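Both ligands and their constituent atoms are indexed starting at 1 by order of listing. Note that the structure is predicted; figures quoted are calculated from it, not measured.
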Amino acid sequence: MSETNSGAEVAAPHRYTAAMAADIEARWQDFWDAEGTYEAPNPTGDLSGDAAMAAKPKKFIMDMFPYPSGAGLHVGHPLGYIATDVFARYQRMTGHNVLHTLGFDAFGLPAEQYAVQTGTHPRVSTEANIENMKDQLRRLGLGHDKRRSFATIDPDYYKWTQWIFLQIFNSWYDKEAGRARPIDELVAQFESGERTTPDTRPWSELSANERADILGGYRLAYASEAPVNWAPGLGTVLANEEVTADGRSERGNFPVFKAKLRQWNMRITAYSDRLLDDLDGVDWPEAIKLQQRNWIGRSEGARVDFPVGDSDAITVFTTRQDTLFGATYMVLAPEHELVEKIVPAAWPEGTHEVWTGGHATPAEAVETYRNQAASKSDVERQAEAKDKTGVFTGAYATNPVSGEKVPVFIADYVLMGYGTGAIMAVPAHDSRDFAFARAFELPMRCVVEPSDGRGTDPAEWDDAFSSYDAKIVNSSGADISLDGLGVVDAKAKITEWLAARGIGEGTVNYRLRDWLFSRQRYWGEPFPIVYDEDGIAHALPESMLPLELPEVEDYSPRTFDPQDADTQPETPLSRNEDWVNVTLDLGDGAGPKRYRRETNTMPNWAGSCWYELRYLDPHNSEKLVDPDIERYWMGPREGMPHGGVDLYVGGAEHAVLHLLYARFWSKVLFDLGHISSSEPFHKLYNQGMIQAFAYTDARGVYVPAAEVEEIDGKYFYQGEPVKRESGKMGKSLKNAVTPDEISAEYGADTLRLYEMAMGPLDVSRPWDTRAVVGQYRLLQRVWRNVVDETTGEVTVTEAEPDEATLRALHKAIDGAGQDMAGLRFNTAIAKITELNNHLTKSGGPLSRSVAERLVLLVAPLAPHIAEELWRKLGHTDSVVHQDFPVADPAYVVDETVTCVVQIKGKVRARLEISPSIGDEELEKLALADPAVVAALGGAGIRKVIVRAPKLVNIVPA
Ligand code: ANZ
């Protein structure tokens, strides 16, 4: 710090210093706010109506909005915000109407937990955090349209979150039409008899409860009693996506149990295929698309019935129906409803001892095993490497194709929630079945010929042979043979055979489950739902929205012993009896009636499922968004078949949660005709993470990184040696650096440049406070190239620049412009630095035309200093809306050198070529030159000696 701005100030009072940066930055931030510089007009002029601007092509550039945490921002958080800001500024300067703003995703657990501890209303602490974060963000000079900002906790906003919930509640998925439709249209089909009720009675004869139940089976938002993820330690249930790979809560790391509870769900599964198919039309990182595809998990296979007992059948789901002849046993999920039915009173004659688990009867074995399985999570049950456990049910089923009797087991590696909860086990070709068969000494039969030379006797194998690229063997029955067929043909043939006999059919199965949509928390959107005395759910009319959160005495969910799965949730809202029990006239003709409100709240994901739409038209009190405005900013167009935001930047951790939910809501709103875009985010980009060194002392405890000293490559804290490691920046590793500190020391422009210069945007990079000064020096040199540090006057001349300078300038314009358009800000900065170094070295005042273009190049990256220099250069309007300079191609191409082409030592041609040309290309050019061709006169060539770029010597044959 001292080095940069103390003593020198006397001699150079107009040097660019931290103090000057602070002054410049504050001044222009105030000015931009006052002028509304970043306000983007809507096409219909609702917001500010600059028709010329709105007639320009649009760019909607968005960040994943932040949760306003009490800890504020560290320098890792704004990485993406700065990147989108630079990009947005570049787009503004290249003729686009740019919508760029930032809101706050403000419902959430931390504020609620703070409320539980301190009694402070979550709104109070959240709003204070928002204010704090807004100050921090403002200091960075982000060009946000502030009129369009909001927080998801604003009743004006969550009114529409509730409204969307009601749209979803009031619609159903018409499979034939392939889209959502209003539930009224379904009711009309039942009323007219076009669609029959499940028991074929006319709709008019059904009771209100019966009708509600039937409609509940169709609605896209529905309440059902189903096994859900219950985390007693959090006092709430969780979505599958919120449960970690080891069956614990993502937040808080509490155990999660399966419990049967009545909860709200969203029928996202109705959209499985469209969610998959439309991934082809969006511009997203392949890794994220793959994660979504895997999460949706579409598998094509078949259902096959295996007769069991006198009249029952076990239906399995398999993706390998071609291996049916190799199915030597079956497994039911322990919870499968057929288990009780098929268990015989005693073990059949000659039952293998290891199958019984040492139990006296099948019933006892089954019950004991079921109890064990219930205490495990799905993930624990599916873990690959673990020993397979299970027990024989005492029953045999019949393999429908071979006619063989196969024993039926229960085992926890088969899950109730997938497929049909039952499998045919093909131990020779499935590793889980192989491990199980080995443990239980079950027979194996090879039906897919191994292509790796291991032979066809599974007894000699170490693992199952699994391949789609092989021939079927050992698969001939009375009236069908698959032998010799490839897997694909065998699948088709057996599926047809099964279907013809009515004992199976081809099916598609999805891993995706409906989205569990209610939480037993306070700080979320209340459901706009009330129940009548019969327990039937009714939607509140739109006029009653927003339904605001009531005041409560106690914010805590009831938390329980985290290990006690048998508890039941109790929601904070349910304790406010006055709010819960109401008399309302819902406007449905029933008149005023007593109702009970839904007391769950929506999950935190709700608010972020649609926020991009509200940025478009944030103050519309009549509609979620005006359709014309939505079409202008989001509608499909060339290259964007489903429409969406032009650029969405955020962390890769949201791959399946937020991004999948938001896509689902968009599709429902699209189907119902409210919006024209069926995808929310056309282009997605994941920024890397800023990492930072952290230091631990001898006890392994983190010490404040800022106070660690480096002496001869070793690290010390308060004189004691400490160990250095690299990690995530944050409070827990005591290594957070705030943007405020860096801005105070160097200015926000330097911070912006440094973050963008650290490396490619999508890779993680280590923060190094000592390196920040490099970008500060760049800005100081840019300043010095335009301004006299003693007088503060601009130093430019009106003279024409020299050729070398023009080349340096246009190369920088060309390269930096392309880099900015491609989000390669680090290389853009390198090119600007190169230009600036050239200008510094050439000495003397710059030509005005060069100085101005230098400032314009810098403007997207360091907008404050650029605005200041722009004004100093005599302009009266903001640099923000100037045109980005255009490169003159004549100066962009490299300089040329002259290459001499000789034949037998005689100069025959001279070529003007690039100094960086390669030997091969130069040889081709030389041989193709008309003068050379003429001189050779058809003679063959013995040898060509190339010395690029200066000389080519041809020796004719
Ligand atoms: C026979 C078979 C033979 C299978 C073979 C695989 C290989 P994906 O692709 O993930 O959909 N399966 C079916 N339902 C299951 C359940 N509820 N719990 C555990 N496993 C289940 O997986 C489908 C395959 O997983 C199915 O195909 C079935 O095993 C198993 F050489 O059937 B397969």
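Checking side-chain atoms of Thr315 against main-chain N and O of Val304 turns up no donor-acceptor pair under 3.5 Å.
Every atom of ligand 1 is numbered from 1 in the order shown, and the set under 4.0 Å from a heavy atom of Met424 is 1 (C), 32 (O). Every atom of ligand 1 with a heavy atom of Val426 under 4.0 Å away is listed here by number and element: 1 (C), 3 (C). Close approach of ligand 1 to Thr318 is summarised as follows: ligand atoms under 4.0 Å from at least one heavy atom of the residue are 1 (C), 2 (C), 26 (C), 27 (O), 32 (O), 33 (B). Near Thr323, meaning under 4.0 Å from one of its heavy atoms, ligand 1 places the atoms 3 (C). Listed by number with element, the atoms of ligand 1 under 4.0 angstrom from any heavy atom of His429 are 5 (C), 7 (C), 31 (F).
Taking all heavy atoms of Gln321, Arg432, Arg511, Met416 into account, the minimum distance to atom 25 (O) of ligand 1 is reached by Arg432. Taking all heavy atoms of Tyr468, Tyr413, Phe317 into account, the minimum distance to atom 13 (C) of ligand 1 is reached by Phe317.
A heavy-atom separation below 4.0 Å is not found between Gly419 and ligand 1. Residue-ligand proximity: Asn509 is placed with every non-hydrogen atom at 4.0 Å or more from ligand 1.
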request  = Please report the C-alpha distance between Tyr396 and Phe392 in whole Å, then the side-chain angles of each, then the deciding distance to 0.1 Å, and finally whether the ring pair (Phe, Tyr, Trp, His ring centres under 6.0 Å) criterion is met.
outcome  = CA-CA 10 Å; Tyr396 283 85; Phe392 181 39; 5.5 Å; yes
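Contacts of Ala363 classified as side chain to side chain contact (heavy atoms under 4.5 Å, CB included), with partners at least two apart in sequence or in another chain: Val343, Thr361.
Note on Arg298 versus Asp273: salt bridge recorded, some NZ/NE/NH1/NH2 to OD/OE distance being below 4.0 Å. A salt bridge links Arg251 to Glu242: one of the charged nitrogens lies within less than 4.0 Å of a carboxylate oxygen. Between Glu679 and Arg274 there is no salt bridge, since no side-chain nitrogen of the basic residue lies less than 4.0 Å from a carboxylate oxygen of the acidic one. A salt bridge is defined here as a Lys NZ or Arg NE, NH1 or NH2 lying under 4.0 Å from an Asp or Glu carboxylate O, and Lys491 with Glu496 fails to meet this definition.
Figure legend: cation-pi geometry between Arg320 and Tyr468, with NZ or CZ positioned under 6.0 Å from the six-membered ring centre and within 45° of its axis.
Residue Val414 touches ligand 1 through backbone and side chain together, judged by heavy-atom distances below 4.0 Å. At a heavy-atom distance under 4.0 Å, atoms from both the backbone and the side chain of Thr319 approach ligand 1. Only side-chain heavy atoms of Ile423 come within less than 4.0 Å of ligand 1; its backbone N, CA, C and O stay farther off.
In summary, the aromatic rings of Trp264 and Phe165 are positioned with their centroids under 6.0 Å apart.
Close N/O approach between Tyr418 and ligand 1 is found [any backbone or side-chain N/O within under 3.5 Å].
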